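Because the structure is a prediction, the values reported are computed rather than measured. Every chain is numbered from 1 and lettered A, B, ... according to where its sequence line falls, protein lines coming before strand lines.
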Number of protein chains: 2
Amino acid sequence: MPLATNDVRRFADLDDTDRAILSELAADGRLPNNALAERVGVAPSTCLTRTRALRERGAIRGFHAEVDPAAVGLPLQALVSVRLTAHERAAVDAFRARSVRLPGVVAVFHVAGAEDYVLHVRAASADALRDFVLDHLAVDPAVQHTQTSLIFEQARGMG
Amino acid sequence: MPLATNDVRRFADLDDTDRAILSELAADGRLPNNALAERVGVAPSTCLTRTRALRERGAIRGFHAEVDPAAVGLPLQALVSVRLTAHERAAVDAFRARSVRLPGVVAVFHVAGAEDYVLHVRAASADALRDFVLDHLAVDPAVQHTQTSLIFEQARGMG
DNA sequence: CATGAAACGAACACGGT
DNA sequence: ACCGTGTTCGTTTCATG
């Protein structure tokens, strides 16, 4: 089946007000609607309509709390580069589907270049990180090679 | 001065209810307090107290809208590995402080291993991505080498 | 398509258990 | 500490320009 991933209309008709709303909500996802309306310079009800439209268009994918990894007992983070044995579509898609469900996986990047995937993972300890790689990746016949880089520090940009 | 980065009390006294709240809010940051209370099995006022405490403890760092990069005109994403020329603390910290303020930077990871930093960046086009690397990284005397890997697809895990 | 007013529902502070 | 209640405030809908 053909994949219609090119939704051009997405950012074709994006107002200045829309961009302002996205920017404000990216910075503070719990900003009340009336406060948001005042910041972007429209009436609250108008702002609500805009925000709902952005949600339904897919411009806003969702709202999430940013949780301190250490608070949930996962103080360690790592980037794990993964090279697959085969590169057909089925094998690649299957690996992505599997990896996103693994415990501790924050994000999965399918990348171009020498490596196929980069996994952003959290772990409770160095042992747990090692176990994660060995038990879930190294044993996977689809995985040819992995390289784990511990994250010393992470900082968020502004997009 | 010594750096007190080991705040053990952070997850020393974390209730089962607290963990449930964090999990729910990570999945849906706009979940109303009374609905959240029902899901975790406490009274709304209790739930509000818990949530506020988690915020002030730093367990919840903030709330953010997840915005589709394509919607804001930045359809391309990449992971840029950066190796620095010097590895003294001052140089490393300075680079992090600079890189998080660069336009299009989503996240900055200071990693162990062959590379020093991995930058998660967004760009409007291949040209814009090239310009970003050349204008902001290649010209930086603190940067020895970079390697850019285009992101084909990104998926979020469940933590 | 944006606006204002009116009904609805949630957030917040208090006193009680 | 947790819970129920009342007040305050934000959200949502509808009618209108």
K.L.:
Could you check if a side-chain atom of A:C47 sits within less than 4.5 angstrom of a side-chain atom of A:I21, using non-hydrogen atoms only?
P.N.:
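Answer yes - side chains close enough.
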K.L.:
Given C:dA10, is OP1 or OP2 found less than 4.0 Å from the side-chain N or O atoms of B:N34?
P.N.:
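The answer is yes; a side-chain N or O of B:N34 sits under 4.0 Å from OP1 or OP2.
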K.L.:
So, taking the atom named CD in A:E88 and the one named CG in A:D93, what distance separates them when rounded to the nearest 0.5 Å?
P.N.:
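Answer for the CD-CG pair, A:E88 versus A:D93, is 11.0 Å.
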K.L.:
Evaluate whether atom CD of A:E38 has more than 12 neighbouring non-hydrogen atoms of other residues, nucleotides or ligands under 6.0 angstrom away.
P.N.:
no
K.L.:
Does B:L31 form a side chain to side chain contact (heavy atoms under 4.5 Å, CB included) with A:F63? I'd like the steps, not just the answer.
P.N.:
CA-CA 9 Å; B:L31 190 63; A:F63 295 89; over 6 Å; no
K.L.:
Can you give me every donor-acceptor pair (side chain of residues 149-157 of chain A, partner residue at least two apart or in another chain, under 3.5 Å) with its distance?
P.N.:
unit_1: A:E153; atom_1: OE1; unit_2: B:R96; atom_2: NE; d: 3.1
unit_1: A:Q154; atom_1: OE1; unit_2: A:Q77; atom_2: NE2; d: 3.3

K.L.:
Name the nucleic acid region contacted by A:R30, choosing base, sugar-phosphate or nothing; use a 4.0 angstrom heavy-atom cut-off, strictly under.
P.N.:
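No contact.
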K.L.:
Whole angstroms only, please: what is the CG-P distance between B:L48 and C:dA11?
P.N.:
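Atom-to-atom, B:L48 to C:dA11, this comes out as 8 Å.
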K.L.:
If you draw a 6.0 Å radius around CZ in A:R55, do more than 12 non-hydrogen atoms from other residues or ligands fall strictly inside?
P.N.:
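Enclosed: over 12 neighbouring heavy atoms sit under 6.0 Å from CZ of A:R55.
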K.L.:
Grouping I, L, V, M, F, W and Y whenever their side-chain heavy atoms are under 4.5 Å apart, do A:F109 and B:V111 come out in a common cluster?
P.N.:
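In one cluster: yes.
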K.L.:
Could you see if B:L74 belongs to whatever hydrophobic cluster contains B:V80? Use Ile, Leu, Val, Met, Phe, Trp, Tyr and a side-chain cutoff under 4.5 Å.
P.N.:
no
K.L.:
Going 5' to 3' along DNA chain D, between which two nucleotides do contacts with chain A fall, using a heavy-atom cut-off of 4.0 Å?
P.N.:
D:dG10 to D:dT13
K.L.:
Could you write out DNA chain D as dot-bracket? Rules: Watson-Crick or G-U wobble, both distances under 3.5 Å, brackets [ ] for crossings, | for pairs with another strand, dot for unpaired.
P.N.:
||||||||||.|||||.
K.L.:
For the side chain of A:S45, starting at C-beta, report the closest nucleotide among C:dA11, C:dT3, C:dC12.
P.N.:
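That would be C:dT3.
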K.L.:
Which sits closer to the 5' end of DNA chain C, B:N33 or A:V42, going by the nucleotide each is nearest to?
P.N.:
A:V42
